[in-house]
Trainee: 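I have a structure I would like to understand better, so I am pasting it below and will then ask my questions one at a time.
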2 protein chains.
Amino acid sequence: MAPTKSSKKKPKAALAFQSPNGKSSPHPDLDALVQQTIARVADKWTLLTLEVLDQHGTLRFTQLAGLVDGVSQKMLTQTLRQMEADGFVTRTVHPVIPPKVEYTLTALGRSLGEAFCSVWTWAETNYKAIEKARTAYRERS
Amino acid sequence: MAPTKSSKKKPKAALAFQSPNGKSSPHPDLDALVQQTIARVADKWTLLTLEVLDQHGTLRFTQLAGLVDGVSQKMLTQTLRQMEADGFVTRTVHPVIPPKVEYTLTALGRSLGEAFCSVWTWAETNYKAIEKARTAYRERS
DNA sequence: CATATTACTTACCTCACGGTAACTGACGTA
DNA sequence: TACGTCAGTTACCGTGAGGTAAGTAATATG
């Protein structure tokens, strides 16, 4: 029983809610919005692309393809379109042949990079602790 | 052409590498490790669980199931096991019947929460800008 | 006329993520 | 004897993320 949701009996209450009333949020559920935003932004390719653009400044498509280690053209395009739509990068098309398209971080994109900087730093200082924890866990079981 | 990798011609060089030499990393490729760590940690359920545990302190399984909004038992167990293995939570089993298992963040887990705090804050202050960018993008195309 | 170049689309296909629901174990209680 | 409780585990199954490879447009060059 207890399938996380949907039990035809009494819902037990007092546990499964986070904002049925008004609380004090400016929006109905800011938490959800923020969570959703983070989920979008914490995507693998987005993170990698963000970092590469942050380090190298303006880059063309093929340069990105080379620097974003392991990305396929399809995913790179998709990621860049997404980031453009979200306002993280500007996409500048130079009407020449062969095509020349340049990508640069916007201020918003750069601020996102800074925000993730602390996570990056955390990972740098703590990945050894994680590895140790994993080994310990493996031996425990 | 240019399928991101594997072209039998000259690899063009000067583009597709990040640490073929020694640089100054203590490990062969610290960047990859860190990226990998972030990817693991930036998982949807991990993030949500982390936040709930950060806000509520010690919780039992069913309490978490109620608070982590939308998680299935399967994913909750999986996430918690993962977090335990990584050293983010402690799992305390009280040998009683019915079972009682309590989860608490470790110091490492709490530090991770703090690191993500800046991202959380960023999302709070910038999600409107993102929405605006999206609307603008939609109208542009 | 064929080829190279850049920045993509598009079609196709696979596999792993994750949801649903049922089952387990050990005991107290009705 | 049947049921409820908690904390899972397991089997099954569908969707969709994402990889691969080929195609496209437009022109300069040999």
Side-chain angles (χ1 to χ4, degrees), chain A residues 1-16 39-40 42-49 58-85 89-104 141, chain B residues 1-12 15-16 39-40 42-49 58-85 89-104 141:
Chain A
M1 212 175 279
T4 302
K5 266 184 178 173
S6 80
S7 70
K8 52 179 177 279
K9 304 244 173 189
K10 48 183 174 167
K12 199 66 167 297
L15 272 186
R40 150 68 58 77
D43 163 68
K44 179 186 177 183
W45 297 128
T46 306
L47 242 46
L48 281 172
T49 308
T58 299
L59 288 172
R60 313 181 50 171
F61 185 83
T62 27
Q63 294 184 300
L64 276 164
L67 288 166
V68 178
D69 187 36
V71 76
S72 65
Q73 287 176 289
K74 182 185 159 189
M75 285 318 292
L76 184 56
T77 323
Q78 203 173 107
T79 305
L80 286 170
R81 286 293 130 77
Q82 190 68 71
M83 293 177 75
E84 191 196 357
V89 297
T90 54
R91 179 168 174 273
T92 318
V93 182
H94 301 269
V96 295
I97 280 168
K100 177 173 184 178
V101 182
E102 288 181 323
Y103 295 92
T104 316
S141 50
Chain B
M1 215 174 278
T4 303
K5 266 182 179 176
S6 81
S7 70
K8 53 179 178 277
K9 302 248 175 190
K10 48 183 174 166
K12 199 66 168 293
L15 273 183
R40 148 71 56 79
D43 162 69
K44 180 187 178 183
W45 297 127
T46 306
L47 242 46
L48 281 172
T49 307
T58 299
L59 289 172
R60 313 181 50 172
F61 186 82
T62 28
Q63 293 182 301
L64 276 163
L67 288 166
V68 177
D69 187 36
V71 78
S72 65
Q73 287 175 288
K74 183 184 157 189
M75 285 319 292
L76 184 55
T77 323
Q78 203 173 109
T79 305
L80 287 170
R81 286 294 129 77
Q82 188 69 71
M83 292 176 77
E84 191 197 357
V89 297
T90 56
R91 179 168 175 272
T92 317
V93 182
H94 301 269
V96 295
I97 280 168
K100 177 172 182 177
V101 181
E102 288 181 323
Y103 294 92
T104 316
S141 48

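A, B, ... follow the sequence lines: proteins, then strands. Residue 1 opens every chain.
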Trainee: Side chain of B:Met75 only, heavy atoms from C-beta on: which candidate in C:dG18, D:dA7, D:dT20 is closest?
Mentor: C:dG18
Trainee: On a heavy-atom basis, which atom in A:Val89 and which in A:Leu80 lie closest, and how many Å separate them?
Mentor: CG2-O, 3.9 Å
Trainee: If you assign each of A:Gln78 and A:Ile97 to its closest nucleotide in DNA chain D, which residue comes earlier from the 5' end?
Mentor: A:Gln78
Trainee: So does B:Arg60 get a side-chain nitrogen or oxygen closer than 4.0 Å to the phosphate oxygens (OP1/OP2) of D:dC6?
Mentor: no
Trainee: To the nearest angstrom, how far is B:Gln73 atom CD from C:dT24 atom P?
Mentor: 16 Å
Trainee: Please state how far atom CD in A:Gln63 lies from atom C1' in C:dT5, giving the value in whole angstrom units.
Mentor: 15 Å
Trainee: When the distance from CZ of B:Arg40 to C1' of C:dC17 is rounded to whole Å, what number comes out?
Mentor: 14 Å
Trainee: Return the 5'-most residue of the pair A:Pro99, A:Arg81 with respect to DNA chain C, ranking by each residue's nearest nucleotide.
Mentor: A:Pro99
Trainee: If each of B:Lys44 and B:Pro98 is mapped to the nucleotide of DNA chain C with the nearest heavy atom, which maps nearer the 5' terminus, i.e. the 5' end?
Mentor: B:Lys44
Trainee: Give a yes/no on whether any side-chain N or O of B:Ser72 is located under 4.0 angstrom from OP1 or OP2 of C:dG18.
Mentor: no
Trainee: Side chain to side chain contact (heavy atoms under 4.5 Å, CB included) with B:Met83: which of B:Thr90, B:Thr49, B:Asp43?
Mentor: B:Thr49
Trainee: Work out how much the helix from C:dC1-D:dG30 to C:dA30-D:dT1 bends between its end axes, five pairs an end, to the nearest 10 degrees.
Mentor: 30°
Trainee: Could you check if a side-chain atom of A:Leu59 sits within less than 4.5 angstrom of a side-chain atom of A:Leu67, using non-hydrogen atoms only?
Mentor: yes
Trainee: Rounded off to whole Å, could you give me the CG-to-P distance for the B:Leu76 and C:dC17 pair?
Mentor: 17 Å
Trainee: So which atom in B:Gln63 and which in B:Arg60 form the shortest heavy-atom distance, rounded to 0.1 Å?
Mentor: OE1-N, 2.9 Å
Trainee: Nearest whole Å is fine: how far is C:dG18 C1' from B:Gln82 CD?
Mentor: 15 Å
Trainee: How many Å lie between OH on B:Tyr103 and P on D:dA7, as a whole number?
Mentor: 8 Å
Trainee: Could you tell me the separation between the NZ atom of B:Lys74 and the P atom of C:dA21, rounded to a whole number of Å?
Mentor: 13 Å
Trainee: Can you see which heavy atom on A:Val101 is nearest to which on A:Arg91, and at what distance?
Mentor: CG1-CG, 3.7 Å
Trainee: Measure from NZ on B:Lys100 to C1' on C:dC27 and round the result to the nearest Å.
Mentor: 17 Å
Trainee: So, for B:Gln73 and B:Phe61, which heavy atoms are closest and what is the spacing to 0.1 Å?
Mentor: O-CZ, 4.0 Å
Trainee: Reckon B:Thr62 has a side-chain N or O less than 4.0 Å from the OP1 or OP2 of D:dA7?
Mentor: yes
Trainee: Identify the two heavy atoms, one from B:Val68 and one from B:Trp45, that lie closest to each other, and give their separation to 0.1 Å.
Mentor: O-CZ3, 3.9 Å
Trainee: Of the listed nucleotides (C:dC8, D:dG19, D:dA7), which one gets closest to any side-chain atom of A:Trp45?
Mentor: D:dG19
